[in-house]
Chemist: 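I have a structure here, written as C-alpha cells, and I will follow up with some questions on it.
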Amino acid sequence: MDSPIRVLIVDDDALVRAGLTMMLAGADDLEVVADVADGAEVVPAVNEHRPDVVLMDIRMPRLDGLAATERLRARREPPEIIILTTFDTDDHILRAMRAGASGFLLKHTPPPEIVHAIRQVAAGEPMISPAVLRRMMTYVAGAGVDPRRERARELLGRLSEGERAVATLVGRGRTNGEIGKELSLSVATVKAYVSRLLTKLELNNRVQIALLVHDAGGGED
C-alpha cells in the first residue's frame, strides 16, 4: 500500500487501547486513526475515520465485539476485522469467524505477530492459521449433527471441480501462493478463483469459505 494502513482500536480497557496505539506507532506503514471503548461506538467511528482494519475486543459493556462485527460486515464496503481478546474458547472463535472476522488473536500475542496480522488482512489475506482451523474442525465434529452440514454440502455441490479444489485448500489454511503451487496455478488465477467462490457462495471472506468447507465435513489433510 502507498498510504498507511488505517487502524481502529476497539476495547473497553483504556490501558489496552493506549498500549496498542503505542505499539502500532512503531510501524511506519500503520496509522491508528481512532480508538473507542464499546461496540456501540464502532459504526460511527468507522463512518468518520474509514479504517482499513479494526482490532476488536469481544467483551464490552453495551455491545460486544461479535455483534459489532456482524454490524460492520453487513455494510457494503466493510473494513477487515481482527478479533483481539483474552477469551479463546472455541465458541468465541467460531462465532467470530462466522460473523465475518478476518482473524482471531489473543491479547498476549507478540507485537510483531499483531502487526503482521494487520498487514496480512489489509492485503486481502485473512489471518487463518491451520492450528485454529484444526481446532474448529474438532469442535464442530464433537458438537454432533450440525444443521449447517447439508446446506454446506449443497452449496459446495454447485461448484466446478476446480473451484472445489481451491475451496478445499482454503479450508486447510493454505495461502494463495501455496494453493497455486499445489494446483499448478498462478497466484492471479487463484485470486480469481477465490473471488468467484465468494460471489457464488455469497460469503464475505476466505475465512467463511474455510468454515463452509468444514461444515460440509471437508478440509482435513
Side-chain angles (χ1 to χ4, degrees), residues 1-58 60 65 68-85 96-97 99-107 109-129 170 173-180 186-199 203-209:
M1 289 187 176
D2 295 330
S3 57
I5 299 167
R6 299 169 62 82
V7 181
L8 169 66
I9 297 171
V10 185
D11 198 293
D12 62 342
D13 189 326
L15 289 177
V16 170
R17 296 198 306 275
L20 286 170
T21 299
M22 291 179 60
M23 180 195 76
L24 297 181
D28 293 339
D29 59 338
L30 304 184
E31 177 186 2
V32 176
V33 294
D35 63 83
V36 297
D38 190 82
E41 303 173 51
V42 170
V43 170
V46 168
N47 288 339
E48 180 177 356
H49 299 286
R50 302 294 178 182
D52 302 301
V53 177
V54 178
L55 287 181
M56 183 86 74
D57 188 22
I58 288 184
M60 290 178 285
T69 295
E70 291 171 346
R71 290 186 181 184
L72 285 184
R73 295 305 301 181
R75 295 166 65 94
R76 186 170 183 176
E77 295 183 0
E80 301 297 342
I81 301 164
I82 297 174
I83 299 294
L84 187 64
T85 183
M97 289 182 172
S102 298
F104 188 99
L105 294 174
L106 298 181
K107 287 182 178 177
T109 300
E113 292 183 22
I114 295 176
V115 170
H116 174 72
I118 292 171
R119 290 169 176 157
Q120 188 169 327
V121 301
E125 288 274 0
M127 192 217 68
I128 179 168
S129 73
V170 170
R174 303 289 198 273
T175 65
N176 287 342
E178 290 168 342
I179 293 171
S186 69
V187 171
T189 299
V190 174
K191 288 182 178 179
Y193 265 113
V194 172
S195 295
R196 209 152 59 230
L197 288 170
L198 293 174
T199 300
L203 299 175
N204 292 316
N205 58 40
R206 64 194 292 139
V207 175
Q208 293 179 328
I209 295 174

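The shown structure was predicted, so the numbers you read here are calculated from the model rather than taken from an experiment.
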Chemist: Work out which heavy atom in V53 is nearest to a heavy atom in A122; give both atom names and the distance.
Modeler: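 Of all heavy-atom pairs spanning V53 and A122, the closest is CG2-CB, 3.9 Å.
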Chemist: Is the number of heavy atoms from other residues, nucleotides or ligands within 6.0 Å of CZ (R71) greater than 12?
Modeler: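 Counting neighbours around CZ of R71, 12 or fewer heavy atoms of other residues, nucleotides or ligands fall under 6.0 Å, so no.
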Chemist: Are more than 12 heavy atoms from other residues, nucleotides or ligands located less than 6.0 Å from atom CG of N47?
Modeler: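 Atom CG in N47 is crowded, with more than 12 foreign heavy atoms closer than 6.0 Å.
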Chemist: With rounding to the nearest 0.5 Å, note down the distance linking CZ in R73 to CG in L203.
Modeler: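 Atom-to-atom, R73:CZ and L203:CG are 10.5 Å apart.
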Chemist: Determine the minimum heavy-atom distance between L8 and A34, stating which atoms define it.
Modeler: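 Taking every non-hydrogen atom into account, CD1-O, 3.4 Å.
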Chemist: For the residue pair L84 and L20, establish whether any side-chain heavy-atom pair is separated by less than 4.5 Å.
Modeler: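 Side chain of L84 against side chain of L20, heavy atoms only: contact under 4.5 Å found.
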Chemist: Is there a side-chain contact between L24 and V115 (heavy atoms, below 4.5 Å)?
Modeler: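 Yes. Closest side-chain heavy atoms under 4.5 Å.
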Chemist: Suppose we screen for side-chain hydrogen bond (donor to acceptor under 3.5 Å, both in side chains). Which residues come up paired with T21, at least two apart in sequence or across chains?
Modeler: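 T21 satisfies side-chain hydrogen bond (donor to acceptor under 3.5 Å, both in side chains) with no other residue.
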Chemist: Check side chain to side chain contact (heavy atoms under 4.5 Å, CB included) between S195 and all other residues, then give those that pass, not counting sequence neighbours.
Modeler: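 Scan of S195 (side chain to side chain contact (heavy atoms under 4.5 Å, CB included), adjacent residues dropped) gives none.
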Chemist: Any side-chain heavy atom of V10 within less than 4.5 Å of one from D57?
Modeler: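 They are not in side-chain contact.
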Chemist: So, for R17 and D11, which heavy atoms are closest and what is the spacing to 0.1 Å?
Modeler: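 Closest approach of R17 to D11: NH1-O, 2.7 Å.
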Chemist: Closer than 3.5 angstrom, by distance alone: can the side chain of D12 be matched with the main-chain N or O of D38 as a donor-acceptor pair?
Modeler: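 Not confirmed, D12 side chain does not pair with D38 backbone.
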Chemist: Tell me the closest heavy-atom pair linking I83 and A101, and the distance in Å.
Modeler: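 Nearest pair, atom of I83 first, then A101: CG1-CB, 3.8 Å.
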Chemist: Nearest 0.5 angstrom please: I82 CD1 to I9 CD1, how far?
Modeler: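 It comes to 11.0 Å.
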Chemist: If you measure from CD1 on I114 to CG on L106, what distance do you get to the nearest 0.5 Å?
Modeler: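 It comes to 9.5 Å.
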Chemist: Is there a side-chain contact between E113 and L105 (heavy atoms, below 4.5 Å)?
Modeler: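 No. Closest side-chain heavy atoms not under 4.5 Å.
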Chemist: Does K191 NZ have over 12 foreign heavy atoms under 6.0 Å away?
Modeler: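 For K191, atom NZ is not crowded (no more than 12 foreign heavy atoms under 6.0 Å).
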Chemist: To the nearest 0.5 Å, what is the distance between CD (E31) and NE2 (H49)?
Modeler: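 If we round to the nearest 0.5 Å, E31:CD and H49:NE2 are 10.5 Å apart.
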Chemist: Is any side-chain heavy atom of R75 less than 4.5 Å from a side-chain heavy atom of V43?
Modeler: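 Contact flag for R75/V43 side chains = yes.
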Chemist: To the nearest 0.5 Å, what is the distance between CG (D35) and CD (E41)?
Modeler: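 Going from CG on D35 over to CD on E41, the span is 9.5 Å.
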Chemist: Minimum heavy-atom separation for E70 to A99, with atom names?
Modeler: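 Heavy-atom minimum between the residues: CG-CB, 3.6 Å.
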Chemist: Checking R206 side chain against V170 main chain: does a donor-acceptor pair fall under 3.5 Å?
Modeler: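 It does not hold such a pair.
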Chemist: Going from CD1 on I81 to CE on M56, what distance comes out if it is rounded to the nearest 0.5 angstrom?
Modeler: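 So the gap between those two atoms works out to 5.0 Å.
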Chemist: Between P79 and P51, which heavy-atom pair has the shortest distance, and what is it?
Modeler: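 Heavy atoms of P79 and P51 come nearest at CB-O, 3.4 Å.
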